[in-house]
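Before any comments, here is the structure.
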Amino acid sequence: MEKNSFIDGIIDGVIVRDLKKFLDERGWLCELYRHDELYYEIHPQMAYASMTNPGITRGPHAHKEQTDIFCFIGPGNFKVVLWDNRSHSETYMTRQIIFAGQDSPKMIIVPPGVVHGYKSIGPGPGLVFNAPNKLYAGEGKRGPVDEIRYENDPNSPFKL
Ligand SMILES: Cc1cn([C@H]2C[C@H](O)[C@@H](COP(=O)(O)OP(=O)(O)O[C@H]3O[C@H](C)C(=O)[C@H](O)[C@H]3O)O2)c(=O)[nH]c1=O
């Protein structure tokens, strides 16, 4: 697969929602997700946060079964790139680029099979929150990690 064979567009099943920050003299509050706004199959099983230094990319990765619910609320902004690598999908070979973070808070729901990576574009280190619908490494961390990692594949077509 040539890396430039992707077409920019909107990927089927990817959900992008603006997040609202309630600002007052104390600071801000931002809801990340609510189960009454998520279909049952993707209700989170866990959550984690990561901080990424400016200029650094995490991913690209993909999952066979896991759906990710990423929230970019800051600090820091990100260039998020998604690639539809599902041959059965109506939007197979589509690449979707989203900018999100402190200046544009967003939730991005990424279905299994959609390759994803994000680059911290500053200012300063960037925080990302994720609430996957599967446990990392299963119950008690005794199982396999559902993850395909492309960042060390020199032939990977998934380049940010
Ligand atoms: C995700 C996760 C990781 N870890 C441990 C495993 C490693 O020792 C360390 C760093 O994990 P990793 O190198 O996988 O972090 P990223 O490269 O940022 O990848 C993560 O963010 C990208 C965008 C993804 O899509 C991956 O699914 C997700 O793993 O945290 C845990 O202990 N629990 C967890 O839930």
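Whatever order the structure lists them in is the order used to number ligands and atoms, beginning at 1.
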Fill in: Ionic contact status for Arg95 with Asp8, cut-off 4.0 Å
yes

Practice prompt. Kindly assign one of parallel, tilted or perpendicular to the pair His43 and His35, based on the angle between their ring planes and the thresholds 30° and 60°.
Written response: tilted

Worksheet entry | Ring center gap for His116 and Phe70 short of 6.0 angstrom | yes

Worksheet item: Under 6.0 Å between the ring centres of Tyr48 and Phe129?
Response: no

Practice prompt. Could you grab the distance from atom CG of Asn133 to atom OH of Tyr40, nearest 0.5 Å is fine?
Written response: 10.5 Å

Worksheet item: On the ring face of Phe22, is Lys20 found with NZ or CZ under 6.0 Å from the centre and within 45° of the axis?
Response: yes

Discussion item. So if I only count non-hydrogen atoms and take anything under 4.0 Å from ligand 1, which residues does that give, chain by chain?
Written reply: Met46, Tyr48, Arg58, His61, His63, His116, Tyr118, Tyr136, Lys141, Glu147, Arg149

